[in-house]
Amino acid sequence: MFSCAAMNTKANPRFKLLVIFLYLFLEIHISLGGDTISVSQSLSGDQTIVSAGGVFELGFFHPGNSSNYYIGMWYKQVTIQTIVWVANREKPVLDRFSSELRIIDGNLLLFNESDSPIWSTNVNGTMSSTSVQAVLLDNGNLVLKDGTNSSRPPWQSFDYPTDTWLPGNKIGYNKITKTKQVLISWKNSEDPAPGLFSFEIDPNDTSYVTIWNRSRIYWDTGPWTGTFTLAPERRPNIILYFTIVSNDNETSFIMHATNSSVISHISMDLTGQMKQLVWRPTSGWNVLRSFPRQQCQVYASCGAYGSCSDNSMPFCRCLKGFEPKSWSEWGLKHYSGGCFRKIALHCGNLSDLADGERDKFLAMSSMSLPENKQSVRAGNFSECESSCLINCSCTAYAYDNNGCSIWTGDLFDLKQVEEGDSSRKALYIRLAASELRSPKDNKGTIIGVVVGSAAGLVVFLGVIMFLILRRRKKTNGAGTSVVGSLTAFGYRDLQNATKNFSERLGAGGFGSVFKGTLPDSTMIAVKKLESVGQGEKEFRAEVSIIGTIQHINLARLRGFCSQGTKKLLVYDFLSNGSLAAHLFHQNTSNVLDWKTRYQIALGTARGLVYLHEKCRDCIIHCDIKPENILLDEEFCPKVADFGLAKLVGRDFSRVLTTMRGTRGYLAPEWIAGVAITPKADVYSYGMMLFEFVSGRRNSEQPELDGKVEYFPTLAANVTIKGGDVLSLLDPSLEQNADVEELERVCRIACWCIQEDETHRPSMSKVVQILEGITDVDLPPVPRSVQLFDDDRENRLFLTESSSSQSSRARSNMSLASS
C-alpha cells in the first residue's frame with residue numbers, strides 16, 4: 001500500500017508519472033460504447049464502435065507493418081483482423097491519437113493530426129446538424145441518420161465499397177446519376193489505396209466484368225439468366241445467392257446470405273481474382289471459389305516483363321535480364337508492378353556499334369504472344385529480326401507462318417504455356433548484348449589475351465596437352481562423349497562424381513539413386529539400374545529415345561553410362577528432393593500447404609498426359625508414387641523414372657508378365673494378368689491423390705476406435721455421401737484449404753481407382769478437371785475400397801449392389817472417355 005507521504009505528488013515525482021501513465025492508458029482504451037457516433041462524440045486513438053449484434057467493429061487500423069492508419073471496418077468475432085471497408089484508403093493518417101472522426105454540419109469527417117479534413121461523407125442537404133448520427137449496422141453498413149424515418153439514409157458505406165462485397169449490399173449501376181459501385185483491389189497487403197484490378201457491372205447485358213487498370217476487361221460472368229452463364233454454379237451454393245434489381249432507376253444485384261451465422265463475403269483479391277471466402281474458426285479463411293479460376297488468366301498479373309505460370313510457385317517471375325521494380329512488393333506477393341531491365345539497351349546507328357555491343361535477342365519458345373503486336377514486312381526470319389533491331393522502341397519480335405510481328409514499349413501479359421497449346425509461340429525478347437554473352441564469347445576473349453603473348457600461349461598449350469594425356473591415362477578410355485543430346489559418361493567419371501556412390505538419395509523399383517557433382521560443380525543424380533537385360537546397342541537406342549522427351553513436368557535425362565553390365569542414368573539434381581520427403585513430413589517445417597499440393601497434383605497430371613498422349617509412342621510409367629515425383633527449387637513437380645520399363649527387360653507385347661511397381665499403388669489389372677494400358681498409371685495417380693489429402697501413406701493411417709481406418713475407404717464415404725471433406729485433410733494444414741478444390745481432388749481420386757479401367761478418366765481429362773475447365777460428377781463407390789470396410793456407420797452405403805454401381809458408372813461414362 002502507498003503511504004500518505006508517497007501519495008504527495010510533489011514529494012514523489014515517480015508517483016506523478018504513474019498517475020499520468022494510468023490516465024493516458026485509460027484515455028486510450030475508453031470505448032465510445034454502442035454502435036453510434038453522435039454530434040457530441042468523436043472517435044480517436046484506439047476507440048471503436050461495435051454494431052448492436054457484435055458483428056462488425058469500426059475504428060483506426062494499420063495494415064501489416066505499415067505505420068499509416070486508416071478508418072476501417074472489420075469483423076468483430078473473426079480472430080484474424082479482416083478489413084472489409086476503408087474510408088480514407090488514399091489518405092492515411094500518421095497519428096491516430098491526434099486524428100479524429102467526428103460529425104460536423106451534418107457530415108462525418110476525418111481530421112488528421114494537423115486537424116485538416118482528409119475524408120468526408122460529402123452529403124449536400126438540409127439535415128439538422130444537431131440530430132445527425134453515424135450508426136454501424138450488423139450487416140456491415142455504416143449509415144448517416146438525421147432523425148427521420150426515411151427508408152434510405154442520406155449516406156451509407158454500402159454505396160462506396162472498397163474491395164469487399166458483403167451480404168445485403170448491392171453492386172450495380174445507377175441510371176439516374178450514371179454511377180456504379182465498383183470493387184477495387186488494394187494496392188498491396190500494406191496499402192489499401194486503389195490497385196490495378198476492379199470488378200463492376202456491365203449494365204448493357206447484366207453481367208459483371210473484371211478489369212485491369214480501368215481499361216482492359218479480362219474476365220466476365222456472362223449475362224444473367226437466373227445464373228451467370230459463364231460462371232455457372234458447380235454445386236448448389238448454400239452460403240450466398242443473388243437477386244437482380246432492374247428498373248428505370250438502376251440495374252443491380254443484391255447478394256444474400258442463406259445463414260446469417262456463417263461469415264462469408266466476396267472480394268477483389270490483390271492477385272486480380274474475385275474470391276468467395278468463408279470463415280471457419282478451426283481453419284481460418286477458406287476460398288470456396290475464385291474467378292477467373294487460373295491465376296494466369298488475370299491480365300498482366302505479373303506486370304511488365306513478368307512471366308506468369310500456373311505450374312510454379314510463385315506464379316510470377318521476371319524474364320532473364322530483368323528484376324522486380326519493387327522487391328518489397330514482390331516480398332508481399334504483389335507482382336503487378338512488374339520488372340525492369342538490369343542493363344540498358346544499346347540503340348542508335350548500328351554502324352557505330354561493335355558486334356559485341358549490339359543488342360541481342362533471347363529466344364523464348366514456350367510463351368503465348370502478348371497483345372498489341374504490329375505487323376511489319378519481312379521476307380524471312382533474319383529480316384524480321386533486323387526490323388526490330390533498328391527500331392529503338394522495339395522490345396520483342398516473332399516470326400511464323402503469319403509473318404513478322406514486333407512489339408514496342410513494355411511487354412505485358414506474358415504467359416508460359418505447355419507444348420501442344422495452340423497459343424505456344426517463339427518470342428524473341430530484346431536484351432543488352434552483355435546479358436546474352438555466352439561462355440564461348442568469354443573463351444574467345446581469354447584466347448585473344450593469351451595470343452597476345454607468345455610465351456604464354458606455349459605454356460598454355462603445353463599444360464592443356466599434359467592434362468589431356470594424364471586424364472586419358474587415368475581413366476583408361478572411360479571418358480565422356482556426346483550421343484545425340486545426351487552425354488555418355490565413363491563409369492569411373494560417375495564413380496568419382498558420386499564419391500563411389502556414397503550418398504544415396506533413394507531407391508525404387510528400377511534401382512538406387514545417388515547424389516553427385518561433376519567437375520564443373522553441376523549437381524547430378526545418378527541412377528544405378530538393376531536387372532538390365534539389354535545389350536549395348538539396344539540400351540543406347542532406348543536411352544536416346546528417353547533423352548528426346550522433354551517437358552516442364554518431366555525429369556530431364558542428362559546422360560548415361562553403359563559399360564558391360566554397368567548401366568547408369570544421369571539426371572539433373574532437383575534441390576527439393578522427392579514429393580514423399582515433403583508429403584509424409586516428419587516435422588512441421590516441411591509441410592506442404594494446400595495450394596502447393598494442388599499445383600503439384602496438376603503438374604504431375606500434365607507430365608503424365610505428355611507421356612501418354614504427346615510422345616511418338618505412348619509411354620506407360622508403371623510406377624507412379626510420391627517417391628517418383630521430384631520437386632525443383634520452386635516446388636514444380638517433375639515425374640521421374642519414365643520410360644525405364646523396357647530397360648529392365650519387361651515384355652511389352654500387350655500383357656506384361658513381370659510385375660513391377662509399388663504395393664499400394666498397383667492397379668487391379670497387374671494382379672489379374674490382363675493387358676496393361678495407360679489407365680494403370682491413372683489408378684496409381686488416384687491412390688497418390690488420397691495421400692495428397694491426408695499427408696500420410698494410405699497403408700499407414702492412424703487408428704480410429706481401436707481399428708485402422710483405410711483412408712481411401714473413409715475418403716470415398718465422405719466424398720460420395722456429401723460429408724465434411726475438410727475432416728479428411730492433413731491435420732497439419734489445420735483445415736486451411738480451398739474446399740471446392742479439395743472436393744474436386746477427392747472425386748477425381750475415386751474415379752481414378754475404379755476397378756474397371758474403362759470407367760477411369762484419361763489423364764488429359766484429369767487435367768481439365770483440376771484446371772476447372774470440366775466438371776466432375778459424383779463417382780460410384782470404388783469396389784476396391786469396399787474390401788477394407790469394417791462395419792462402420794457407412795456400411796449400408798458401401799454395400800450398394802454391383803448392378804447399381806454399373807448403372808451409375810455407365811451414366812457417367814463421359815468422364816472416362818480417353
For [X] and [Y], which heavy atoms make the closest approach, and how far apart are they?
X	Y	value
Leu733	Val591	CD2-CG1, 3.7 Å
Leu486	Gly547	CD2-CA, 3.8 Å
Gln294	Glu771	NE2-O, 2.9 Å

Residues Ile600, Phe692; criterion side-chain contact (heavy atoms from CB on, under 4.5 Å); working and verdict = CA-CA 9 Å; Ile600 292 173; Phe692 275 84; 3.8 Å; yes
Lys NZ or Arg CZ of Arg341 over Tyr305 ring: under 6.0 Å, within 45° = yes
Within 45° of the six-membered ring axis of Tyr665 and under 6.0 Å from that ring's centre, is NZ or CZ of Lys625 located there?
-> no
Salt-bridge test for [X] and [Y]: reply yes if a basic N is under 4.0 Å from a carboxylate O, no otherwise.
X	Y	value
Arg760	Glu669	yes
Lys527	Asp641	yes
Glu627	Arg697	yes

So, does Lys638 use its side chain to make a donor-acceptor pair with the main chain of Ile629 at under 3.5 Å?
-> no
For the side chain of Asn496 and the backbone of Arg492, is there at least one donor-acceptor N/O pair under 3.5 Å apart?
-> yes
Report the relative orientation of the aromatic rings in His551 and Tyr610; use parallel for angles under 30°, tilted for 30 to 60°, perpendicular for over 60°.
-> tilted
Under the side-chain contact (heavy atoms from CB on, under 4.5 Å) rule, what do Leu583 and Arg597 come out as? Steps first, then yes or no, please.
-> CA-CA 9 Å; Leu583 198 58; Arg597 295 186 196 201; 3.9 Å; yes
Mind running side-chain contact (heavy atoms from CB on, under 4.5 Å) on Leu611 and Leu608 for me, showing each step along the way?
-> CA-CA 5 Å; Leu611 293 176; Leu608 290 175; 4.2 Å; yes
Any chance you could lay out the disulfide (SG to SG under 2.5 Å) test for Cys302 and Cys316, step after step, and finish with the verdict?
-> CA-CA 6 Å; Cys302 299; Cys316 285; 1.9 Å; yes
With sequence neighbours excluded, give me every salt bridge (charged side-chain N to carboxylate O under 4.0 Å, His left out) pair touching residues 568-577.
-> Arg556-Asp572, Arg558-Asp572
Heavy-atom side-chain proximity of Leu411 to Phe322 below 4.5 angstrom | no
